[in-house]
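Values below: every heavy atom of this structure, side chains too, minus hydrogens, waters and symmetry copies. So you know, we letter chains A, B, ... as the sequences are listed, proteins then strands, and number each from 1.
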Protein chains: 2
Amino acid sequence: MVGPRAKLAAPSDAGTQIVAAATRLFAAHGFDGTTVQDIADAVGVTKPAILHHFASKEQLRQAVLEGILAHWNQTLPRLLLKATASEARFDAVFEELLDFFASDPDRARVLVREGLDRPEETKRLLRGPVQPWLQAVARYIHGGQKSGDHYDDVDPEAYVVHILQLVLVATASSAVTQAAITKDARRRYVRELARIAKAALFPKQKKPTSRRPSRRSSKPKES
Amino acid sequence: MVGPRAKLAAPSDAGTQIVAAATRLFAAHGFDGTTVQDIADAVGVTKPAILHHFASKEQLRQAVLEGILAHWNQTLPRLLLKATASEARFDAVFEELLDFFASDPDRARVLVREGLDRPEETKRLLRGPVQPWLQAVARYIHGGQKSGDHYDDVDPEAYVVHILQLVLVATASSAVTQAAITKDARRRYVRELARIAKAALFPKQKKPTSRRPSRRSSKPKES
DNA sequence: CCTACCGATCGGTAGG
DNA sequence: CCTACCGATCGGTAGG
């Protein structure tokens, strides 16, 4: 142990640096496509040094996943507090959900890969720690249906799963899929993503052929 | 060479079998998570036999991708011929699109993995051979907007990208994500996926609280 | 946390 | 000479 002064000077200790590098490399190349040596090189230590902090490559993977889920559990409750079945709230919450993943696409990439590489473990995750959050959002939507704010043929549980999945993969591979959009890709990509999620939930008051922004107050039109 | 009779008797030759096994294994474990020996074991031959047909593991990956794209190019034109901006047509075309991927989820899994593992190559694919198909669908939607069948705030290019992405990932990881739905998961999963894609495109005539299927002629309801 | 290694297995290729 | 493989092993590298 070092002195109390040094404790605050080194909050980013070795283990944290290793998990950060591993998250980035697992996201880019996958678990099998990343060697312990790759991580050691990224951190600037030797391979045995990595395996001193994490007894196996497998334990390093679990640490990466736990780091992502911890960040999730820290952010999601605050995000859900904002959620009600009003249109303005939806925009705010959805934008925050996007920002949460977009702020570090590597998290989304790791999660998408995990679903492909380890389906059974991911199922247990979905049926366990993740389930309550999905159910909470589904209940919000169900409440919005009763009050007439949402379409009544929405399947709240399935809707939440699909939209979360769409946000995940859209974030994970945004750099790739935006290549299919000819110009102003980033803005249109995010905008349409939010529009789809919203249009599948909220009935529109205005006619499809009318152009006047009749009721919405400050719609950020393209300039 | 053998006699002409034997030529027709062996349409599923060694190369075809190898590509089929490689597709399945790459889908489940990824390119780096699959060894040439794994593929050899799956086919029932030795490793050098695999590397006789495909000079390297890398060339085998390209053969797998080409097989998927060939199947795509064979099916998509017929599928697009059906597409017009009518609601009934949308149901039929979207169902076929789902069936196309759902009939072999491994294809979707390989494509999702490819987007993560080789972003630059995937970008080139999207901007090259895939682009015309996306543009064609986008033009259909644009036409539907002009005739008032679709919302006028749909971004056709971005919509096509997102919905294709959603169908891809929903197919690739359906077994996993359905675990988050408590009961009757498969039916509700597919049904809500189609509903989201459709609700983001077609304005609804009926009020959100009404239940009667007012105008649709032969909706394929659950039996 | 390093140097120095292990059992095994990697993708790929030799001669036959 | 060709093809479609085999048993064995190449030089390197994996996780530990």
Side-chain angles (χ1 to χ4, degrees), chain A residues 1-3 6-7 9-65 110 113-114 117-118 121, chain B residues 1-66 110 113-114 117-118 121:
Chain A
M1 286 207 200
V2 289
K7 267 168 102 176
S12 174
D13 61 348
T16 309
Q17 273 185 268
I18 292 170
V19 170
T23 302
R24 184 166 42 82
L25 289 166
F26 288 170
H29 312 292
F31 182 78
D32 289 314
T34 304
T35 69
V36 176
Q37 186 65 57
D38 291 337
I39 300 167
D41 292 345
V43 177
V45 296
T46 61
K47 190 172 62 175
I50 302 290
L51 293 165
H52 165 75
H53 289 279
F54 300 92
S56 68
K57 194 188 178 189
E58 177 58 34
Q59 287 199 14
L60 186 46
R61 179 201 334 231
Q62 288 176 18
V64 165
L65 266 183
V110 168
R113 284 188 185 280
E114 190 70 7
D117 290 343
R118 316 206 325 174
E121 288 81 348
Chain B
M1 284 208 201
V2 288
R5 270 178 298 186
K7 267 168 100 177
L8 265 171
S12 175
D13 60 349
T16 308
Q17 273 185 268
I18 292 170
V19 169
T23 301
R24 184 166 42 82
L25 289 166
F26 288 169
H29 312 293
F31 182 77
D32 289 313
T34 303
T35 68
V36 176
Q37 187 64 58
D38 292 335
I39 300 166
D41 292 345
V43 177
V45 297
T46 61
K47 189 172 63 174
I50 302 288
L51 294 166
H52 165 77
H53 288 280
F54 300 91
S56 68
K57 194 188 179 188
E58 176 58 34
Q59 287 198 12
L60 186 47
R61 174 192 348 222
Q62 288 174 19
V64 166
L65 266 182
E66 279 164 21
V110 168
R113 285 189 184 277
E114 190 70 6
D117 289 343
R118 316 207 325 175
E121 287 81 350

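When distances run from any side-chain atom of B:A14 to the nucleotides D:dC5, D:dG16, C:dC1, the shortest one goes to D:dC5. When distances run from any side-chain atom of A:A49 to the nucleotides C:dC2, C:dG12, D:dG15, the shortest one goes to C:dC2.
Side chains of B:F31 and B:R118 form no contact here, defined as non-hydrogen atoms less than 4.5 Å apart.
In this structure, a donor-acceptor pair under 3.5 Å is present between the side chains of A:D41 and A:Q37.
With C1' as the reference atom, C:dG15 and D:dC5 are 13 Å apart, rounded to whole Å. Here, C:dA4 and D:dG16 have their C1' atoms 13 Å apart, quoted to the whole Å. D:dG12 and C:dA8: their P atoms are spaced 22 Å apart (whole Å).
A donor-acceptor distance shorter than 3.5 angstrom exists from the side chain of A:R113 to the backbone of A:F26, with no hydrogens or angles considered. Panel note: side chain A:D38, backbone A:T35; a donor-acceptor pair is recorded below 3.5 Å. Not a single donor-acceptor pair under 3.5 Å links the side chain of A:T34 to the backbone N or O of A:H29. Of the possible polar contacts, none joining the B:K47 side chain to the B:I39 backbone as a donor-acceptor pair under 3.5 Å is found.
DNA chain D forms no stem, meaning no run of 3 or more consecutive Watson-Crick or G-U wobble pairs whose two key distances fall under 3.5 Å.
Rounding to whole angstrom units, CD of residue A:E58 and C1' of D:dG16 are separated by 14 Å.
When the side-chain nitrogen and oxygen atoms of A:H53 are compared with OP1 and OP2 of C:dC1, one or more of them lie within a distance under 4.0 Å.
Across residues 19-45 of chain B, B:T34, B:T35, B:V36 each have a non-hydrogen atom less than 4.0 Å from an atom of DNA chain C (numbered order).
Where A:H52 and A:K47 meet DNA chain C, the nucleotide closest to each residue was compared, and A:H52 sits on the side nearer the 5' end.
Among the candidates A:I18, A:L25, A:V110, the single residue satisfying the side chain to side chain contact (heavy atoms under 4.5 Å, CB included) test with A:V64 is A:V110.
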Verdict with reasoning, B:R61 to B:K57, per side chain to side chain contact (heavy atoms under 4.5 Å, CB included): CA-CA 6 Å; B:R61 174 192 348 222; B:K57 194 188 179 188; over 6 Å; no
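Heavy atoms of A:A55 sit nowhere under 4.0 angstrom from any nucleic acid atom.
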